[in-house]
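All remarks here apply to the structure that follows.
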Amino acid sequence: MRRIQVVATGGTIASRAGAEGRRATVLAKELLASVGPLPADAEVSARDIVTRGSYAFDTADLLALAREVRGALREGADAVVMTHGTDTMEETAFLFDLAFDDPRPIVLTGAQRPFDDRAADGPANLGDALAVAAADAARGHGPLLVFDGSAFPARGVRKSDTMSAHAFTAPGRGPALRVMDRLVTPLWQPRPSPRLPLDLDLPRLPRVDVVPVYPGADGLFIRSSLAAGAAGVVVAAVGAGNAGPELVEAVAEAVAAGHPVLICSRVHSGPVAPLYAGGGAELQRVGAVFADDLSPWQARLLLAVASAIPGRSPEELVRAWLAGENPLSGSGA
Ligand SMILES: NC(=O)C[C@H](N)C(=O)O
């Protein structure tokens with residue numbers, strides 16, 4: 001008998017229409033009751049942490065969600081299923097990927113249509129998430145985001161449609177498992193991401209901001225962000241990782257002052273590379289770190305987590321993580 005702990009956090013899956021707009025009000029027990037038959041060989045228990053839209057979460061909330069997962073795993077759950085708003089689910093999943101290296105499935109799901117919609121997609125997604133949680137095939141995949149019949153590894157998954165029930169993709173990677181009629185079919189086995197030794201009991205993560213690039217973007221936002229106390233900055237660059245000369249100058253200043261700068265792309269798919277003179281090649285020359293195909297939003301969490309680890313250079317931790325190396329090797333930790 002497998003023990004699956006469901007933890008509910010709100011989101012559209014738990015929302016009903018109201019005079020002021022949709023609001024998350026549905027609690028875990030009611031969500032579970034909407035699913036229909038539960039996996040036969042599983043004992044499923046449910047609890048609520050918060051009941052909110054995920055657009056309202058800050059990093060203190062994300063750490064609280066991670067502590068809840070840690071607690072469930074410590075209590076002996078064989079798998080954890082978290083219901084969560086879709087707006088920032090890719091960030092929570094990625095934080096779990098950075099924080100845990102447990103083979104037991106940690107599965108996130110949600111919905112695009114509210115609980116009281118006649119065509120609500122939440123019950124099917126939660127049913128699929130429970131099927132994945134109960135499946136041997138899901139072990140060792142790291143956290144998975146289950147949506148509309150697909151299970152995506154945390155790294156690389158993105159919300160890619162604001163309204164459609166097919167809300168998530170993983171550009172260049174694809175889902176690792178498919179779920180059809182609660183039957184889980186493995187497609188490929190993701191290589192687990194290295195874990196970072198994050199203290200989940202911290203009150204919040206250090207500030208890291210995302211700065212966009214567009215024609216005419218200058219250094220204002222990078223300088224303001226650092227003046228506001230940011231540990232570092234992620235640049236959502238154009239194309240394969242380029243920016244104009246004024247922004248490159250601000251990046252050079254930031255790196256020289258000891259603040260790591262990660263380069264991602266505002267393009268939905270593909271890695272960044274230091275290719276162009278005065279653009280990406282110059283960003284690399286002044287010391288910025290090219291963050292492969294990480295989205296700016298996941299890269300921001302990577303840098304924030306690396307910046308929260310005492311006694312280690314955040315830039316070195318990020319570079320080691322991106323290279324797939326165990327960031328603890330050689331540290332004696
Ligand atoms: N579809 C959703 O879940 C969006 C929702 N507003 C959220 O909490 O992220």
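A quick note: this is a predicted structure, and the numbers were derived from the prediction, not measured. Just so it is clear, the values below take in all heavy atoms, side chains as well, and ignore hydrogens, waters and symmetry mates.
- Considering only residues two or more places apart in sequence or on other chains, Y214 meets the side-chain contact (heavy atoms from CB on, under 4.5 Å) condition with P212, A217, F221, R266.
- Applying the salt bridge (Lys or Arg N to Asp or Glu O under 4.0 Å) test between E75 and each of R70, R3, R47 identifies R47 as the sole match.
- Both V80 and V157 sit in one connected hydrophobic cluster of ILVMFWY residues. Membership requires side-chain heavy atoms under 4.5 Å apart, directly or through other members.
- Minimum interatomic distance between F147 and M89 (heavy atoms only, all atoms of both residues): CE1-CE, 4.3 Å.
- The residues D41 and R2 are annotated as not salt-bridged, no charged nitrogen and carboxylate oxygen being separated by less than 4.0 angstrom.
- No option in L294, N326, L303 other than L294 meets the side-chain contact (heavy atoms from CB on, under 4.5 Å) test with W321.
- With sequence neighbours left out, the side-chain hydrogen bond (donor to acceptor under 3.5 Å, both in side chains) criterion links D48 to no other residue.
- The number of heavy-atom neighbours closer than 6.0 Å to CZ of R16, taken from other residues, nucleotides and ligands shown, is above 12.
- By the 4.0 Å N-to-carboxylate-O rule, D293 lies too far from R158 to be salt-bridged with it.
- Taking the charged nitrogens against the carboxylate oxygens, E282 and R285 do have a contact shorter than 4.0 Å, which makes a salt bridge.
- Between R74 and D102 there is no salt bridge, since no side-chain N of the basic residue sits under 4.0 Å from a carboxylate O of the acidic one.
- Hydrophobic cluster membership is shared by L317 and V234, with clusters built from Ile, Leu, Val, Met, Phe, Trp and Tyr side chains linked at under 4.5 angstrom.
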